[in-house]
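What follows is one structure encoded as structure tokens, with my remarks underneath.
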Amino acid sequence: MSSHLAGLNPQQREAVRYLDGPLLVLAGAGSGKTRVITRKIAYLVAECGIEARHVAAITFTNKAAREMRDRVAELLPGKQAKGLTVSTFHSLGLRILRVEARRLGYKPRFSVLDAADAQQILSDILKNPDRASLRQVASLISTWKNALLAPTEARAAAGDDDEIQAALAYQAYQDTLRAYQAVDFDDLIRLPVVLFREHPEALATWRSRLRYLLVDEYQDTNGAQYEILKLLTGVGGRFTAVGDDDQAIYAWRGADVENLRRLNDDWPNLRVIPLTQNYRSSQRILRAANSVIRNNPRLQEKNLWSELGLGDPIEIVRCRDDRHEAETVALRISAHKFEHRTRHADYAILYRGNHQARLFEEALRENRIPYQISGGQSFFDKAEIKDLTAYLRLIANPDDDPAFIRAATTPRRGIGAATLEKLGDHAGQRHIGLFAAVYETGFQENLPARQLESLLTFADFIGRLAGRAEREPAGRLLDELLAAIQYEQWLFDNEDERAARAKWANLREFVDWLSKKGEEDGKSLIELTQTVALMNLLEGREDEAPDAVRLSTLHAAKGLEYPHVFLVGVEEEILPHRECQEGNRLEEERRLMYVGITRARRGLTITWCGRRKRGGEIVDCAPSRFLDELDPAEIRRAGETSDPGQDAREDGRRRLSALKAMLGPGK
DNA sequence: TATGTCCTTTTTTTT
DNA sequence: AAAGGACATA
């Protein structure tokens, strides 16, 4: 038998081998769906004579893409995997757009705006909107984009007055992006669809390039992503989609589980293979997960089963408050690690919202437990990195007004709000970018000499860099750039020493990485800048702390697994979230709980607090309703006894073992 | 007019 | 507990 089929169960093997038509693999949590995808890639390339460059695997996050690439590399040694595409829909979209930009009236050096830039633009359009309506309009626009509605179509479809206003804002927003030669995240999906619909020859090119598609986490695709899949694979349906409707947790971002059903409508010959054996979790964990998800209305009851042992009891721990919760988890990890000789990396702390991470960070630091946060603020969202990339974006694309504003005012160099407003007015009248407007005589005549000088100094500086950016080594230019703007000094002048140091170190790391890349690949600063726009999405740097407790949001933990999971803050208002108390949204929260539980292999500890600090105020908390849904036979409760002494004694024992762990025989 | 400071508000999840 | 906005200062 082929080595690429070895060790797979019959369903998995069937899923790998099936190539006669479109295939949907309905894979329960932990049933080895990623394994099916990686093996199938290897099988296609090594056994079916399909070149790797004709195969594309789509993952949900860039991190997942990186992991999948690594796994495939192990299965396909040497150059066999060369040219294989493993990326998110967004990265694939970006790659397509860079090549095809001109057909859509964009220049190839268009900028990619992050969410903050996009929101700023929208905020300018709406003229001082309150937070709520800004959010609402932004989310409406996103919904429309994901449903592939153009601004005019959105306006036609708009019902009430709010929606009409939002549709008008959508139009203005899209015009602005066009003027900036910029696209937002949603455009990375939407524009390729527009391209393929309007330019059949472009579609033909990409169809012949990407001949087989594998889509992971299919339940979380949105309408536009589905359309890309449809366009690229055509009536032949050369694809394998893998998904689990119980793990759909991105409806708020336009994902639609309905896409699972739609597959059958669009390809009547769709083959469906369910994977029901779980290879990850103990039976207790599986039963607990099932007992929760059972409360959602589902098409059909899934019968996930496992041959792994019964496993440790699941613990529910009541904590006094959020501080106590963090401390409890830290101590338990210490004690458990000491007792069972595990590694730090065997533990994960999962929570609903990013802000919950802070207290756990503190507690882990205090207890000298190494940790690593995944998700949360990415490297490229850090202010210092965004500052530098603003310069790079501007150098590559002078129409990028948001980049102009950020670069021109960071560090401060005598260009203030009033100057920028005048510049903006003029640029608006003449329909040109801020950078170009600086050099218009009509503008210069009406500006005091001092402000004009500041602007000219800045624009000339950028212009000079841009002129050299295509030829000179990136490293030297970057060093020069940072020295010229005196960024390091500015950091230390404006931040306290600790923060400044950290930021400067981040920036150095970024610059060194860019310089090295420029040298190795012989890329110019301009070319690198295009990669940086991509890197904004490809968030990962390679170095992951090898042995550290993982901290992650539930969303970011999807697809991952850990021997021991701490599911924290499982309270009403948090999980389910305050805004998601009923209907579809509550069901999605339940799936989130389900995802959390099924991340665990052997150990699962769930914590909740009697009260916690919420934005400065202390509020009382109630345990999540999902805790009541857990099968009581599988759980053990702690901290809820009537004898308060028992907790203290238990706590004492834990502290003692934690202490031993620290003093214990080295690390 | 540019900038720094103080004081307000705010919390979902991510590409 | 951080970020953005109003206000005071240079």
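Letters go in sequence order (proteins before strands), and every chain restarts at 1.
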inquiry  = What is the distance, to the nearest angstrom, from the CG atom on A:Leu452 to the P atom on B:dA2?
reply    = 13 Å

Side chain A:Tyr250, main chain A:Thr221, donor-acceptor under 3.5 Å = no

inquiry  = Looking at C:dA1, I'd like to know if its phosphate oxygens (OP1 or OP2) sit under 4.0 Å from a side-chain N or O belonging to A:Arg614.
reply    = no

ask   = When all nucleic acid strands are considered with a 4.0 Å heavy-atom cut-off, which category describes A:Gln451: base, sugar-phosphate, or nothing?
value = sugar-phosphate

query = Just how far, in rounded Å, is P of B:dT13 from CG of A:Leu554?
reply = 11 Å

note = Considering only heavy side-chain atoms of A:Arg135, the closest of B:dT1, B:dT11, B:dT15 is B:dT11

key: A:Arg413 side chain vs A:Ala408 backbone, donor-acceptor pair below 3.5 Å   = yes

ask   = For A:Arg358, which contact category applies under a 4.0 Å heavy-atom criterion: base, sugar-phosphate, or nothing?
value = sugar-phosphate

request  = Using the test side chain to side chain donor-acceptor pair (under 3.5 Å), find all partners of A:Glu573 that sit at least two apart in sequence or belong to another chain.
outcome  = none

inquiry  = Side chain of A:Thr553, heavy atoms from C-beta onward: which of B:dA2, B:dT15, B:dT13 has the nearest atom to it?
reply    = B:dT13

message = Quick check: on DNA chain B, is the nucleotide nearest A:Ala417 upstream (toward 5') of the one nearest A:Leu592, or the reverse? Name the residue that is more 5'.
response = A:Ala417

inquiry  = Counting the benzene-type ring for Trp, do A:Trp252 and A:His555 have ring centres under 6.0 Å apart?
reply    = yes

query = How many Å lie between CZ on A:Arg412 and C1' on B:dG4, as a whole number?
reply = 10 Å

message = Taking the minimum atom-to-atom distance to the side chain of A:Arg131, which one of B:dA2, B:dT13, C:dG4 wins?
response = C:dG4

ask   = Between A:Ile415 and A:Arg578, who's closer to the 5' end of DNA chain B by nearest nucleotide?
value = A:Ile415

ask   = Under the 5.5 Å and 30° test, is A:Tyr250 stacked on the base of B:dT13?
value = no

task = To the nearest Å, give me how far apart CZ (A:Phe89) and P (B:dT15) are.
result = 15 Å

key: Listed nucleotide nearest any side-chain atom of A:Lys613, set B:dT10, C:dA1, B:dT15   = C:dA1

remark   = Ranking B:dT1, B:dT15, B:dT10 by distance to the side chain of A:Ala418, first place goes to B:dT1

query = If only side-chain N and O atoms of A:Thr419 are considered, is one of them under 4.0 Å from the OP1 or OP2 phosphate oxygen of B:dT1?
reply = no

inquiry  = If you compare every side-chain N and O of A:Lys422 against the phosphate oxygens of B:dT1 (OP1, OP2), does one of them come in below 4.0 Å?
reply    = yes

message = If the cut-off is 4.0 Å, is A:Asn222 near the phosphate of B:dT15, judged by side-chain N/O to OP1 or OP2?
response = no

ask   = Relative to each other, are the rings of A:Phe435 and A:Phe404 parallel, tilted or perpendicular (30° and 60° limits)?
value = perpendicular

remark   = Between CG of A:Asp117 and P of B:dT14 the distance, given in whole Å, is 19 Å

ask   = Roughly, in whole Å, what's the span from NE2 in A:His577 to C1' in B:dT10?
value = 12 Å

query = What is the distance from CG of A:Asn354 to P of B:dT13, rounded to the nearest Å?
reply = 5 Å

ask   = Roughly, in whole Å, what's the span from CD in A:Gln247 to P in B:dT14?
value = 16 Å

inquiry  = Has A:Gln451 got a side-chain atom pairing as donor or acceptor with A:Pro448's backbone, closer than 3.5 angstrom?
reply    = no

